[in-house]
Structures are given as C-alpha cells and as structure tokens.
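Since the structure comes first, as structure tokens, the remarks are kept for the end.
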Protein chains: 2
Amino acid sequence: MAGRGAYAKGIAKREEILAVALEVIARNGYRGASVREIAEAVGLSQAGLLHYFGSKDELFTAVLVKRDEVDTSDAMGDILDDLVRIVAHNAEVPGLVHLFAHLSIEAADPEHPAHGFFIERYAHLRETLAARIRAGQADGSLRAELDPERAAAVVVAAADGLQAQFLLDPSVDMAAELTAMIEDLRA
Amino acid sequence: MAGRGAYAKGIAKREEILAVALEVIARNGYRGASVREIAEAVGLSQAGLLHYFGSKDELFTAVLVKRDEVDTSDAMGDILDDLVRIVAHNAEVPGLVHLFAHLSIEAADPEHPAHGFFIERYAHLRETLAARIRAGQADGSLRAELDPERAAAVVVAAADGLQAQFLLDPSVDMAAELTAMIEDLRA
DNA sequence: GTCTATAGACCGATAGAC
DNA sequence: GTCTATCGGTCTATAGAC
C-alpha cells in the first residue's frame with residue numbers, strides 16, 4: 001500500500017482538495033458551492049479537480065465520509081454523550097450541516113454514490129444506540145419499558161429533524177432539545 | 001374577488017398545473033421532475049408554465065402549500081392522531097415526501113420562496129402540539145414531567161427524521177415508530 | 001392577459017491535447 | 001496529472017404574437 005511518489009502525491013492531493021472543500025462549504029454554505037468554486041480555491045481547473053473525484057456527488061460524498069471520520073475519532077465512549085457533543089459542534093458549522101442534510105435526502109436514490117454510506121451509517125448508529133440503551137436498562141439507569149430498537153431509531157430521527165429545524169431557524173438549540181429528550185429516557 | 005372570465009381562467013389553470021405537478025412528482029419522484037417535464041404533462045411550454053409561477057422554486061412551493069391544505073382538511077381533531085395518520089399516508093407517496101424533504105432543506109436560505117412557509121409551518125405545528133400536550137397533562141392522560149414545548153419540538157423532529165430514514169430505506173415503518181414514541185408520552 | 005419562441009447564463013460532465 | 005474546449009441540460013428572462 002505504501003505507493004511510490006506519483007501515487008502518494010495523488011492521495012495527498014485528494015486530502016488537500018477535501019480539506020479545502022470542507023472549508024469552502026463551511027464558510028459559504030452548501031448553496032453556491034459549485035465544483036468550479038472549490039476547484040479555484042484549490043488552484044485547479046474544474047476538470048482538473050474532477051480527475052480526482054469522478055463527479056460532484058462523489059466529491060461531496062467524500063467530504064461527508066471525511067467529516068464522519070473526524071467525528072468518530074473525537075468519540076469519548078458513551079454514544080449518548082457523543083451524539084449530543086457532535087450535534088452541539090455542528091451548530092458551529094451550519095454549512096456542513098446543510099451539506100449533510102442535502103446529501104442524505106438526495107441519497108435516497110439507490111444509484112446515488114452516497115446511498116450505501118447513509119444506509120450503513122444509519123444502521124450502525126441505530127445498533128450502537130440500541131446496545132447502549134439495553135446496557136442502560138440492565139444497570140437500571142434507563143427506563144425498562146423502552147423498546148431499545150425503536151427508541152434508538154427515534155433518537156436518531158430526532159437528531160436529524162432538529163438539524164432541519166436548526167437550518168431554517170438558527171436560534172433552535174439542537175443540543176438542548178436532544179439532551180432533554182435523552183434525559184427523558186432515564187429511569 | 002369573483003373575477004371575470006379571464007381572471008377565473010387563470011386561477012383554474014394554476015389549479016390544473018398544481019394537480020398535474022403533484023401527479024408527476026408522486027409518480028416520477030422529485031429527481032428528474034424538471035419544469036419542462038411538468039409543462040409538457042400539462043400541455044404547455046416551459047415558459048408558458050413559468051408565466052403562472054415565477055420560478056421552479058415557486059412552483060414547487062405552491063405544490064407543497066397545496067399538499068398541506070389537503071392534509072389539514074383531512075384532520076380529525078386530535079393532532080397526535082392526525083400526525084400519525086398523515087405520516088402513514090405519506091408512506092404511499094414517496095415522491096411527495098422526497099419533494100417535501102428536499103424543499104425543507106433548500107428553504108434554509110432566507111431568500112428561498114418557501115422559507116417563510118416552513119418557518120410558519122414548524123411554529124404552528126409546535127404550538128399546536130405543545131397545547132395538546134398541556135391539555136393531556138391537565139387531564140392526566142400524558143406524563144406530567146414532560147416539558148410541553150420541548151416534547152413538541154422533538155415529536156416534530158422525529159417525524160421529519162423518520163421520513164429521511166424512510167426515503168433511504170422504504171422498509172422503515174414511520175407510522176409505527178412515531179406511534180410508539182407518542183405512546184411513550186402517555187401516563 | 002395569455003402564450004410561443006428564443007436567447008443567455010450557469011452548471012456538471014467529457015474528450016482530447018500536452 | 002492537468003489543461004482547454006465543448007457539449008447537453010436546467011433555469012431565467014424577455015420580446016413579441018395573439
């Protein structure tokens with residue numbers, strides 16, 4: 001895997017493009033963040049950029065995966081706390097929240113490059129949460145009458161829905177609402 | 001307001017366009033539902049259609065308002081029941097759910113024609129739900145420790161988030177999940 | 001008032017030269 | 001690996017016929 005110069009340079013360039021794209025989107029928002037604009041910010045032509053990522057959707061999907069990796073590496077252990085912390089952090093980068101929301105809707109099409117990513121992301125998130133809820137029920141810290149799978153799906157849904165409300169009206173305090181909801185799960 | 005022939009005809013044409021657009025979107029989905037396609041389905045040129053609605057976004061916003069009117073007229077009285085019924089019905093028209101989700105994200109831009117619509121829609125929905133929760137707490141049918149405003153915001157958010165999960169994976173049973181969530185609010 | 005036709009701007013995608 | 005040039009598609013705007 002430790003490729004030679006040319007290969008390694010390609011990888012590095014991809015990383016550089018992703019970092020710049022993340023900046024541009026976080027600053028200018030998703031709207032108007034065209035491939036051309038990002039390409040110019042990196043110092044490439046539009047076609048030059050699309051050499052590294054086959055299409056606009058693939059580029060933006062890669063940005064998403066990258067953000068997810070960063071979020072995951074920041075995780076502290078308790079998924080309930082992590083979720084609230086991620087949501088709180090998201091309030092500071094509305095452009096990225098917009099990109100995420102936008103792509104999650106567009107990826108409904110099975111042909112979309114990010115379709116698999118979102119399917120797996122939701123499945124993994126729901127499983128992790130359900131396991132955490134079961135553990136909490138076992139040690140008596142969470143209410144016993146909850147259905148772990150259903151509660152997990154609804155917590156994930158609420159987090160997404162709160163982001164939509166936040167995008168429309170930035171005064172919505174996503175983290176506070178989500179915290180209150182999670183508090184309500186406790187015994 | 002009872003205009004003469006020409007005016008009334010314009011109104012009727014608008015209604016006809018909205019009805020056809022609703023059909024096309026429900027059938028073909030939002031993706032690929034271009035102004036041209038809808039115009040041809042009505043028997044108009046693209047520019048002919050845009051004479052009635054200033055832009056694509058305005059047209060789609062009008063479709064949304066129309067759907068909302070239909071939903072509202074179907075309401076039976078109890079907002080909690082109505083919400084579940086609307087969500088259940090939505091599972092049968094994924095194209096419309098897609099349109100709704102897509103526009104609600106795009107409308108985050110304050111310049112978007114549907115921005116005000118969504119702001120008001122969420123505010124109204126949250127108020128109505130909060131009032132219903134307060135009433136339920138007064139008569140002892142809903143849990144007393146809930147914060148009515150927060151619970152209302154979270155229920156709305158969950159409904160939206162479940163729609164996003166449903167669009168990605170149609171096997172997700174939105175109505176069942178939402179019903180379970182609402183059950184959990186009861187005393 | 002209503003509609004057709006057309007033109008311009010922008011975008012993403014692709015071909016092919018270097 | 002990067003560029004220029006170009007293509008097809010979408011939205012918007014407008015001039016002018018009816």
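Values in this document were obtained by computation on a predicted structure and should not be read as measured data.
With DNA chain D read from its 5' end, the first of the two nearest nucleotides for A:His51 and B:Val35 is the one closest to A:His51.
In this structure, the CZ atom of B:Phe60 is 12 Å from the P atom of D:dT10, given to the nearest Å. The distance between atom CG of A:Leu49 and atom C1' of C:dG12, rounded to the nearest whole Å, is 12 Å. Between A:Lys56 atom NZ and C:dC10 atom P there is a gap of 15 Å when expressed in whole angstrom units. Nucleotide C:dA13 holds its C1' atom 14 Å from the CG atom of A:Leu59, rounded to whole Å. Regarding A:Glu16, its CD atom lies at a distance of 14 Å from the C1' atom of D:dG1, rounded to whole Å. Rounded to whole angstrom, the span from the CD atom of A:Glu58 across to the P atom of C:dA13 amounts to 9 Å. Summarising the geometry, the separation between CG on A:Leu50 and P on C:dG16 is reported as 17 Å, rounded to the nearest angstrom. Rounded to whole angstrom, the span from the CZ atom of B:Phe53 across to the C1' atom of D:dA13 amounts to 18 Å.
Note on A:Val65: it clusters hydrophobically with A:Phe118, by side-chain heavy-atom contacts below 4.5 Å among ILVMFWY residues.
Of the residues in residues 36-48 of chain A, those placing a heavy atom less than 4.0 Å from an atom of DNA chain C are A:Arg36, A:Gln46, A:Ala47, in numerical order.
Sparse packing is recorded around CD of A:Glu111, with 12 or fewer heavy atoms of other residues, nucleotides or ligands lying under 6.0 Å away.
The heavy-atom pair separating A:Gly140 from A:Ala187 by the smallest distance is O-CB, 3.5 Å.
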Mind listing the side-chain donor-acceptor pairs of residues 84-97 of chain B below 3.5 Å, one per line with the distance, residues two or more places apart or on another chain?
{"unit_1": "B:Arg85", "atom_1": "NH2", "unit_2": "B:Asp82", "atom_2": "OD1", "d": "2.4"}
{"unit_1": "B:Asn90", "atom_1": "OD1", "unit_2": "B:Arg67", "atom_2": "NH1", "d": "3.2"}

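Evaluation of the ring-ring contact (aromatic ring centres under 6.0 Å, His included) rule for B:His102 yields A:His102, B:Tyr30 as partners, not counting sequence neighbours.
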- Query: After noting the C-alpha distance and the side-chain angles of A:Asp184 and B:Arg143, does the key distance pass the salt bridge (Lys or Arg N to Asp or Glu O under 4.0 Å) rule?
  - Reply: CA-CA 11 Å; A:Asp184 189 56; B:Arg143 289 162 48 210; 2.6 Å; yes
